[in-house]
Participant: 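Quick one: structure below, then a few questions.
First listed ligand is number 1; within each ligand, the first listed atom is number 1. Everything quoted here is computed from the prediction, not taken from an experiment. We number each residue from 1, following the sequence as shown.
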Amino acid sequence: MNYPKSRLRRLRYNNNIRSLVQDVHLNISDLIYPIFICEGENIKEEIKSLPGQYRLSVDNVLVLCDELIKLGIKSILLFGISDKKDNDGSIACSEDSIIPFAIKKIKKKFSTDILIMADLCNCSYTSHGHCGTIENNDVDNDKTVKTLCNQGLTLAKSGADIIAPSDMMDGRTAAIREILDKNGFEKIPIFPYSVKYASSFYGPFRGAVDNSLENGDRKTHQMSYKNSIEFIREIEQDINEGCDAVIVKPALSYLDIISKIKENFNIPIIAYNVSGVYSMIKSAGKDNLIDETDLIMEILFSIKRAGATAIITYSAIDVAKKLNNKDVY
Ligand code: PBG
């Protein structure tokens, strides 16, 4: 049927009809908020590269969690900032290191009111900033997997609800699953960053956790954005190794990948709207070039439309406020 009988504008006539036919939704329960935790007390230091995001000491993390719960945000992703670093990141395997310490405090205060995802990587804890143990000028896969397993077990023992390895080592999902199961943590899910591209979009994050590389890059383990089907093997491998959901990072610029995962695999997709996107929006907003919140909503909806189940976003607080205040969105 063609114009003039068919007029597609009829379904855009007003807000009510637009929301009636809307088929993509963004809920506060879709949002996962990343938190950067540092040692010390009473610290709330704005991260220069991520305006509006903070390095927080654990006491202030507890205050933040209270605010998140009131807004309806129930999931957090924790990153550690450590003054103590060593050659292979094994400092993070200690139960006294920053994230295990923080998890215990958060769990004690909030119990099941908040879901704690713990990012699992060595890069915040190695003196050279690489994601693992360096051998012959490269990150050694199998040695790194061993450290990751130990750190993963420590995170689970501290009370982490979900373990999220972001290192991109081969075989880490199976190895972490095995050590968790052996120690009675068979109920703890693993959400690996299955598809993680070597991306310039991570720039502002590296300023936040101080894991810039002394030399080299992450291209021997993170994926190349010049490949269009490699992601299939990464996902298949992680599913075979027992992962429970997959994380895709970055989300923006990779919506084609998210949409193909949705079509081809039966597994929840967690998309990470990364630091570079956040900081670009902040800069453009400062210059009044765009409306920050409107733009972030458009981006998050595009990520949902592509097929994401949930989204890790630095904008979670602003978005939750917007979703709480508007009945149409
Ligand atoms: C650590 C890690 C990174 C990010 C999340 N976990 C950086 C990296 O891999 O270099 C980036 C997140 C962001 O940019 O928001 N492995």
Participant: Which pair of heavy atoms, one from Lys196 and one from Ser166, lies closest together, and at what distance?
Facilitator: NZ-O, 2.8 Å

Participant: Please name the pair of heavy atoms, one in Ser194 and one in Ile235, separated by the smallest distance, quoted to 0.1 Å.
Facilitator: CB-CD1, 4.3 Å

Participant: Looking at Tyr202 and Tyr197, what are the two nearest heavy atoms and their distance?
Facilitator: OH-O, 2.7 Å

Participant: For residues 134-156, which residue pairs qualify under salt bridge (Lys or Arg N to Asp or Glu O under 4.0 Å), counting only residues two or more places apart or in two chains?
Facilitator: Glu135-Lys143

Participant: Does anything in residues 228-243 form a salt bridge (Lys or Arg N to Asp or Glu O under 4.0 Å)? List the pairs, not counting sequence neighbours.
Facilitator: Arg172-Asp238

Participant: Using a 4.0 angstrom limit on heavy atoms, which residues are close to ligand 1?
Facilitator: Phe79, Asp119, Cys121, Cys123, Ser166, Lys196, Phe201, Tyr202, Phe205, Arg206, Arg218, Gln222, Lys249, Tyr272, Val274, Ser275, Tyr314

Participant: Name each donor-acceptor pair under 3.5 Å that joins a side chain in residues 74-93 to protein atoms two or more places apart or in another chain, with its distance.
Facilitator:
from: Ser82; atom 1: OG; to: Lys84; atom 2: N; distance (Å): 3.2
from: Ser82; atom 1: OG; to: Lys84; atom 2: O; distance (Å): 2.6
from: Lys85; atom 1: NZ; to: Ser124; atom 2: O; distance (Å): 3.0
from: Lys85; atom 1: NZ; to: Asp210; atom 2: O; distance (Å): 3.3
from: Asp86; atom 1: OD1; to: Asp88; atom 2: N; distance (Å): 3.2
from: Asp86; atom 1: OD1; to: Gly89; atom 2: N; distance (Å): 2.5
from: Asp86; atom 1: OD1; to: Ser90; atom 2: N; distance (Å): 3.2
from: Asp86; atom 1: OD2; to: Ser90; atom 2: OG; distance (Å): 3.4
from: Asp86; atom 1: OD2; to: Ile91; atom 2: N; distance (Å): 2.9
from: Asp88; atom 1: OD1; to: Ser90; atom 2: N; distance (Å): 3.1
from: Asp88; atom 1: OD1; to: Ser90; atom 2: OG; distance (Å): 2.8

